[in-house]
Novice: 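Pasting a structure here, questions to come.
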Amino acid sequence: MQFSTSLYEAKLDEIVANANLLANLRPLAAKHQSLISGSLYSLGEEGVNEASAFNRVMESAKLDIASGLQGLVLQAAGVLEQFLYDIVVRYVSEASAKADHWSANDREHVIQTFILKGAMILTHEPTGTFKGADFDFIQLRRNLAITLSDNSNAKMSGDVFVTRFGTCMPEKIERLFSEIHVPGPFDPALGKHPAVKAYTKDSTPTSSARQVRSELDNLGRLRNRLAHGIGTAGVTHNFTTNTAELVRAFTLGVTDRFVVGS
């Protein structure tokens, strides 16, 4: 299956560029704050009041920089979630289209998972959405009917596996890969990928894969705190750019796992 990661890499490049911009704003703001405050103080009592007000604005700007970095970390986590959604939907669609009869291949548990998840999602049809997200219930019913009849035109709905996937915790990613019969993801093969080796700077594939898993776990937990308004001083410029590179390494490292047989 041909799947390009260029869109996700471009988004990660933008996150890194914005993080660099925010990092450069801090020393620039500090420099001009000192110059402008000094000029205002020289104007006497009125200048002192203006200088105090200006300093309060500048301190607020520093907080905005921190908030901006936190927002960029949330964006990086969102890129990972979007990548998993897109590649799984594409893979399941292509894999099911190539199967003459799903019961004739070695992926029976994929069918079972699809039927169970599909049936659960259909219970939300009266509301018109699935957990607040738009969903094509009509197409799902059709695909379920075809799959259950073992029709040669079998086609599964990939979004059944990933709609409202939520925070990309490692254990959820592992379960997703297992459900759709894709190897990995946090095995030595991941650690052997050039992008992952470059990121972890570790020559041992097993430990490299373990590091990526651990850092994705930390990212998932941080993402949940930030999404619920719980800020953290640990989100620095370096952490933000590193997070973008972590997501990049993982997406590149697992893309070639999604192989659709002939």
Side-chain angles (χ1 to χ4, degrees), residues 1 3-5 7-8 11 74-186 216-217 219-221 223-224 226-228 247 250-251 254-255 257-261:
M1 183 182 82
F3 187 87
S4 173
T5 60
L7 172 63
Y8 316 99
K11 290 182 178 179
L74 283 173
Q75 288 182 34
V79 170
L80 175 58
E81 184 177 347
Q82 188 63 53
F83 163 78
L84 287 173
Y85 179 93
D86 292 343
I87 198 168
V88 167
V89 169
R90 170 85 172 275
Y91 171 76
V92 171
S93 175
E94 291 195 13
S96 60
K98 285 184 176 292
D100 290 334
H101 296 275
W102 273 93
S103 61
N105 62 37
D106 63 348
R107 302 182 180 183
E108 184 177 353
H109 80 281
V110 182
I111 307 171
Q112 294 173 346
T113 303
F114 169 61
I115 293 171
L116 289 172
K117 286 181 173 288
M120 183 273 292
I121 289 176
L122 281 181
T123 64
H124 293 259
E125 186 171 13
T127 68
T129 62
F130 174 57
K131 295 182 179 179
D134 292 335
F135 200 92
D136 190 344
F137 293 102
I138 295 176
Q139 188 61 53
L140 174 58
R141 277 193 272 111
R142 290 172 179 165
N143 290 344
L144 279 171
I146 293 173
T147 302
L148 287 168
S149 66
D150 200 26
N151 191 289
S152 61
N153 294 319
K155 181 179 180 181
M156 293 195 294
S157 307
D159 49 358
V160 162
F161 296 90
V162 284
T163 294
R164 286 301 190 193
F165 187 74
T167 306
C168 299
M169 301 300 293
E171 60 270 18
K172 291 175 65 177
I173 299 174
E174 290 167 335
R175 185 166 59 249
L176 171 63
F177 275 51
S178 175
E179 288 175 347
I180 60 176
H181 208 268
V182 171
F186 303 106
L216 285 179
D217 184 76
L219 173 60
R221 296 177 189 281
R223 179 264 177 205
N224 287 341
L226 294 177
H228 289 90
V247 173
F250 179 74
T251 55
V254 300
T255 296
R257 306 293 183 93
F258 293 82
V259 178
V260 178

Novice: Is there side-chain contact between Leu219 and Val247, with heavy atoms separated by less than 4.5 Å?
Specialist: yes

Novice: Is there a side-chain contact between Phe161 and Leu84 (heavy atoms, below 4.5 Å)?
Specialist: no

Novice: Got a second to check how far His228's NE2 is from Arg223's CZ, nearest 0.5 Å?
Specialist: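 Reported value, rounded in 0.5 Å steps: 7.5 Å.
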
Novice: Relative to each other, are the rings of Phe250 and Phe186 parallel, tilted or perpendicular (30° and 60° limits)?
Specialist: parallel

Novice: Are any non-hydrogen side-chain atoms of Ile180 and Phe114 less than 4.5 angstrom apart?
Specialist: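 Side chain of Ile180 against side chain of Phe114, heavy atoms only: no contact under 4.5 Å found.
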
Novice: Looking at every heavy atom in both Leu140 and Gly118, which two are closest together, and how far apart are they?
Specialist: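 Nearest heavy atoms, Leu140 then Gly118: CD2-O, 3.6 Å.
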
Novice: Answer yes or no: is there a side-chain heavy-atom contact under 4.5 Å between Leu122 and Leu144?
Specialist: yes

Novice: Nearest 0.5 angstrom please: Lys131 NZ to Thr129 OG1, how far?
Specialist: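 So the gap between those two atoms works out to 11.5 Å.
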
Novice: Would you say the side chain of Ile121 lies within less than 4.5 Å of the side chain of Asp159, judging by non-hydrogen atoms?
Specialist: no

Novice: What is the distance from atom CG of Asp136 to atom OG1 of Thr163, rounded to the nearest 0.5 Å?
Specialist: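 Separation between the atoms: 10.5 Å.
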
Novice: Do Leu7 and Phe83 make a side-chain contact, defined as non-hydrogen atoms from C-beta onward lying under 4.5 Å apart?
Specialist: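 They are not in contact (no side-chain heavy atoms under 4.5 Å apart), so the answer is no.
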
Novice: Where is the tightest heavy-atom contact between Glu179 and Val110, given as atom of each residue plus distance?
Specialist: O-CG2, 3.4 Å

Novice: So, for Pro185 and Val254, which heavy atoms are closest and what is the spacing to 0.1 Å?
Specialist: CB-CG1, 4.1 Å

Novice: So, Thr123 side chain and Met120 main chain: donor-acceptor pair closer than 3.5 Å or not?
Specialist: yes

Novice: Do side-chain atoms of Ser178 reach the backbone of Glu174 as a donor and acceptor pair under 3.5 angstrom?
Specialist: no

Novice: Grab the two heavy atoms, one from Ile111 and one from Met156, that are nearest each other, plus how far apart they are.
Specialist: CA-SD, 4.3 Å

Novice: Report yes if the side chains of Asp217 and Met169 come closer than 4.5 Å at any heavy-atom pair, otherwise no.
Specialist: yes

Novice: Look up atom CG in Asn143 and atom CD1 in Ile115, then write down how far apart they are to the nearest 0.5 Å.
Specialist: 11.5 Å

Novice: With rounding to the nearest 0.5 Å, note down the distance linking CZ in Arg164 to CD in Glu81.
Specialist: 8.5 Å

Novice: How about Lys172: does its NZ atom have over 12 heavy atoms from other parts shown lying under 6.0 Å from it?
Specialist: yes

Novice: Output, in order, the C-alpha distance, side-chain angles, deciding distance and verdict of ring pair (Phe, Tyr, Trp, His ring centres under 6.0 Å) for Phe258 and Phe177.
Specialist: CA-CA 10 Å; Phe258 293 82; Phe177 275 51; 5.4 Å; yes

Novice: Distance from Arg141 atom CZ to Ser157 atom OG, nearest 0.5 Å?
Specialist: 11.5 Å

Novice: Between Tyr8 and Phe3, how do the two ring planes meet: parallel, tilted or perpendicular, split at 30° and 60°?
Specialist: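 Correct class here is parallel.
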
Novice: Is the CZ atom of Arg221 crowded by more than 12 outside heavy atoms at less than 6.0 Å?
Specialist: no

Novice: So which heavy atom on Ile173 is nearest to which on Cys168, and how close?
Specialist: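 For Ile173 and Cys168, the tightest heavy-atom pair comes out as CD1-O, 3.7 Å.
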
